[in-house]
Enquirer: 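Below are the structure tokens for one structure; questions will follow.
Just so it is clear, the values below take in all heavy atoms, side chains as well, and ignore hydrogens, waters and symmetry mates. Being a predicted model, the structure only gives us computed values, none of them experimental.
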Amino acid sequence: MDQSNRLQTDNSVLTESADPSPRMTRKQILTLISMASVNFSSMICYSILGPFFPTEAVKKGANQTIVGLIFGCYAISNLLGALILGKYIVQIGAKFMLIAGLFVSSGCTIMFGLLDRAPAGPIFISLCFIVRSIDAVGFAAAMTSTFAMTAKIFPNNVATVLGGLEIFTGLGLIVGPPVGGWFYQSFGYEVPFLLLGCLLLIMVPFNMYVLPSIEADPSKDSFFRLLTHGKILLICYVIFTLSAGLGFLDATLSLFAIDRFDLSNGFVGLIMLGLSLPYCLASPLMGYFTDKYPSTRMSFMIFGGVAATTGFCLLGPAPFLHIPSRLWLLVLMLSLIGFSLGMTAIPTFPEIITYAYENGFEEGLSTLGMVSGLFGAVWSTGMFYGPIVGGLIVQHLSFEWAAAVQGGLAFLGAFLLVLYSLFKRPAQQRVREETDERKPLLNAAMTTDAQRDNVEDII
């Protein structure tokens with residue numbers, strides 16, 4: 001009796017998860033509000049550096065390579081933070097992790113705005129490394145818990161919800177550069193960081209009030225088990241190419257645009273809208289479509305990689321194409337890269353979660369935290385590689401060649417996904433054929449057993 005009741009309960013739970021109610025609960029609504037505020041405020045604070053910080057750092061004695069390292073150290077600290085916090089999200093608590101991360105990031109943003117008072121040279125550069133590294137850990141805490149809690153509370157619509165939340169990520173990326181560039185031109189270096197750091201600080205009590213608490217049990221699974229699967233490794237490489245491209249653009253695009261087209265810092269901030277606006281518009285559409293048709297996720301990642309390859313190769317453009325550099329072409333290719341980012345990035349997270357569940361990982365916050373931490377760690381690896389290697393190539397060759405290298409990385413990712421899809425399909429077909437061949441044998445065996453039982457009953 002207890003067993004039958006338990007089966008009925010499990011079936012009812014499965015039915016509810018398979019056919020989610022169109023109306024959201026209060027918990028889901030509050031979570032959406034919280035996640036949207038975190039994405040928006042965090043991305044504003046992250047993106048304001050692009051238009052003017054490289055120029056300010058050069059004035060303080062840093063060269064292009066050092067600027068790339070300052071951007072890159074953020075990624076390394078984010079990588080370590082995401083791995084550790086993703087593993088122990090259950091023990092720490094997802095809500096506490098998010099709120100603590102916001103508090104740390106807000107304080108570091110304010111402190112970063114005071115660095116112009118530091119003496120030029122080694123002291124300024126060292127303080128930049130220290131503050132950015134601590135800020136990265138706070139950002140990793142906020143983003144890791146955000147992804148995990150979203151997937152936990154919206155298990156049937158992960159891509160749709162993430163795509164919707166990326167609207168606010170895109171808005172933060174859209175608003176950050178022009179607002180940061182305008183405040184920098186009008187009021188100097190300190191004001192953009194002080195204002196946006198205070199905005200992030202306001203998000204702390206707000207999220208303490210609206211964010212629901214989530215209780216869960218820790219899992220025995222690990223990152224290493226996740227990385228033993230070839231498909232997850234391929235998707236991780238795709239994530240790496242995306243963040244490497246964005247990190248490269250953050251560290252080098254403003255200097256290239258100012259030098260090549262004689263633009264102001266404020267106008268460079270407007271140019272960056274060409275990257276973030278298409279991403280903001282594409283993300284919810286891609287999320288909805290890939291949730292409704294999960295089998296299309298790999299296709300979107302492949303076509304997104306091809307689009308990114310085209311965008312980076314024509315961004316400079318690449319020297320081997322012998323096309324003159326034009327401002328309209330630069331903005332157009334930034335738009336293509338932004339759209340390709342939406343096509344490729346949105347399907348990756350739910351695809352890893354689905355594959356992990358299919359291969360025996362426990363369904364719960366612990367696994368979601370590990371997947372979220374893995375996503376953040378790989379993303380941070382790309383954000384470390386992009387500015388540093390891109391800065392070195394720009395310094396020794398040119399921006400055009402560096403952008404072409406980024407395009408080559410994106411093409412390699414799309415090519416590897418195509419090979420995986422081609423080799424995986426015949427294997428799945430063989431398994432299906434073997435299953436179909438077994439069915440008649442099983443049916444015949446079952447029929448024979450039934451006939452034998454009938455004969456025995458008659459005797």
Side-chain angles (χ1 to χ4, degrees), residues 39 75 78-79 82-83 86 140 143-144 146-148 150-151 154-155 157-167 169-170 223 226-227 229-247 279-280 282-309 337-359 361 367-383 385-386 406 409-421 424:
N39 284 19
N78 201 308
L79 184 155
L83 286 176
M143 289 297 105
T144 300
T146 294
F147 274 77
T150 301
F154 300 92
N157 308 98
V158 177
T160 301
V161 174
L162 287 179
L165 291 175
E166 288 305 298
I167 293 177
T169 300
F223 289 106
L226 273 175
L227 294 175
H229 298 278
K231 183 176 182 179
I232 292 180
L233 285 174
L234 283 179
I235 296 176
C236 285
Y237 175 76
V238 171
I239 296 169
F240 166 81
T241 63
L242 299 175
S243 58
L246 287 180
Y279 173 70
C280 180
S283 294
L285 298 176
M286 301 303 168
Y288 174 79
F289 196 86
T290 54
D291 259 344
K292 192 171 184 180
Y293 306 102
S295 60
T296 62
R297 289 172 186 161
M298 293 288 283
S299 300
F300 272 106
M301 284 186 259
I302 292 170
F303 286 113
V306 173
T309 302
I337 293 170
F339 188 80
S340 71
L341 180 63
M343 289 183 67
T344 311
I346 296 301
T348 55
F349 188 69
E351 186 67 13
I352 294 176
I353 293 174
T354 302
Y355 190 80
Y357 287 161
E358 289 175 352
N359 286 272
F361 283 80
T367 298
L368 294 173
M370 280 195 296
V371 174
S372 180
L374 178 64
F375 184 95
V378 175
W379 185 272
S380 299
T381 304
M383 293 297 287
Y385 168 90
Q406 296 299 326
L409 293 176
F411 178 78
L412 179 60
F415 179 71
L416 291 175
L417 286 177
V418 169
L419 289 181
Y420 176 84
S421 300
K424 192 68 176 177

Enquirer: Does a side-chain heavy-atom distance below 4.5 Å link Leu285 with Ile346?
Expert: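 Answer no - side chains too far apart.
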Enquirer: Could you walk me through whether Ser340 and Val306 pass the side chain to side chain contact (heavy atoms under 4.5 Å, CB included) test, one step at a time?
Expert: CA-CA 8 Å; Ser340 71; Val306 173; over 6 Å; no
Enquirer: Is the side chain of Tyr237 donor-acceptor paired with the backbone N or O of Leu409 at a distance under 3.5 Å, no angle test?
Expert: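 Yes, because the side chain of Tyr237 sits within donor-acceptor range (under 3.5 Å) of the backbone of Leu409.
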Enquirer: To check you understand the geometry: which heavy-atom pair defines the closest contact between Ala308 and Ala410, and what is its length?
Expert: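 Ala308 and Ala410 have their closest heavy atoms at CB-CB, 3.9 Å.
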Enquirer: With side chains defined as the heavy atoms from C-beta onward, is the minimum distance between Ser421 and Ile302 less than 4.5 Å?
Expert: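 Yes; the side chains approach each other to less than 4.5 Å.
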Enquirer: If you measure from CD1 on Ile239 to CH2 on Trp379, what distance do you get to the nearest 0.5 Å?
Expert: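 Reported to 0.5 Å precision, the distance equals 8.5 Å.
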Enquirer: Could you pull out the closest heavy-atom pair between Gly304 and Met343, with the gap in Å?
Expert: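 Residues Gly304 and Met343, closest heavy atoms: N-CE, 3.8 Å.
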Enquirer: Testing the basics here: between Cys236 and Val378, what is the closest heavy-atom pair and its distance to 0.1 Å?
Expert: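 Looking at all heavy atoms of both residues, the closest pair is O-CG1, 2.9 Å.
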Enquirer: Step by step, work out the side chain to side chain contact (heavy atoms under 4.5 Å, CB included) result for Met298 and Lys231.
Expert: CA-CA 10 Å; Met298 293 288 283; Lys231 183 176 182 179; 3.9 Å; yes
Enquirer: In terms of heavy-atom contacts, does CZ of Phe300 have more than 12 from other residues, nucleotides or ligands at under 6.0 Å?
Expert: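 Yes, enclosed.
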Enquirer: Indicate yes or no: at least one non-hydrogen side-chain atom of Ile337 is less than 4.5 angstrom from one of Leu341.
Expert: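 No, every pair of side-chain atoms sits at 4.5 Å or beyond.
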Enquirer: Going through the checks in order, is the side chain to side chain donor-acceptor pair (under 3.5 Å) test met by Thr348 and Arg297?
Expert: CA-CA 8 Å; Thr348 55; Arg297 289 172 186 161; over 6 Å; no
Enquirer: Take Thr241 and Leu412 through the test side chain to side chain contact (heavy atoms under 4.5 Å, CB included) and record every step on the way to the result.
Expert: CA-CA 9 Å; Thr241 63; Leu412 179 60; over 6 Å; no
Enquirer: State the CE-CG distance between Met301 and Leu417, to the nearest 0.5 angstrom.
Expert: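 Going from CE on Met301 over to CG on Leu417, the span is 6.0 Å.
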Enquirer: Determine, step by step, whether Leu242 and Leu246 satisfy the side chain to side chain contact (heavy atoms under 4.5 Å, CB included) criterion, reporting the C-alpha distance in whole Å, the side-chain angles of both residues, the deciding distance to 0.1 Å, and the verdict.
Expert: CA-CA 6 Å; Leu242 299 175; Leu246 287 180; 5.9 Å; no
Enquirer: Do Thr296 side-chain atoms and Tyr293 backbone N/O form a donor-acceptor pair below 3.5 Å?
Expert: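 Between the backbone of Tyr293 and the side chain of Thr296 there is a qualifying donor-acceptor contact (under 3.5 Å).
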Enquirer: For residues Gly413 and Val238, report the shortest heavy-atom separation together with the two atoms involved.
Expert: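 Result for this residue pair: O-CG2, 4.4 Å.
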Enquirer: Of all heavy-atom pairs between Thr309 and Phe411, which one has the smallest distance, and what is that distance?
Expert: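 Nearest heavy atoms, Thr309 then Phe411: OG1-N, 3.0 Å.
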Enquirer: Shortest non-hydrogen contact from Gln406 to Gly386?
Expert: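 The answer is NE2-CA, 4.4 Å.
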Enquirer: Supply the atom-to-atom distance Leu416 CG to Ile235 CD1, rounded to the nearest 0.5 angstrom.
Expert: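 So the gap between those two atoms works out to 12.5 Å.
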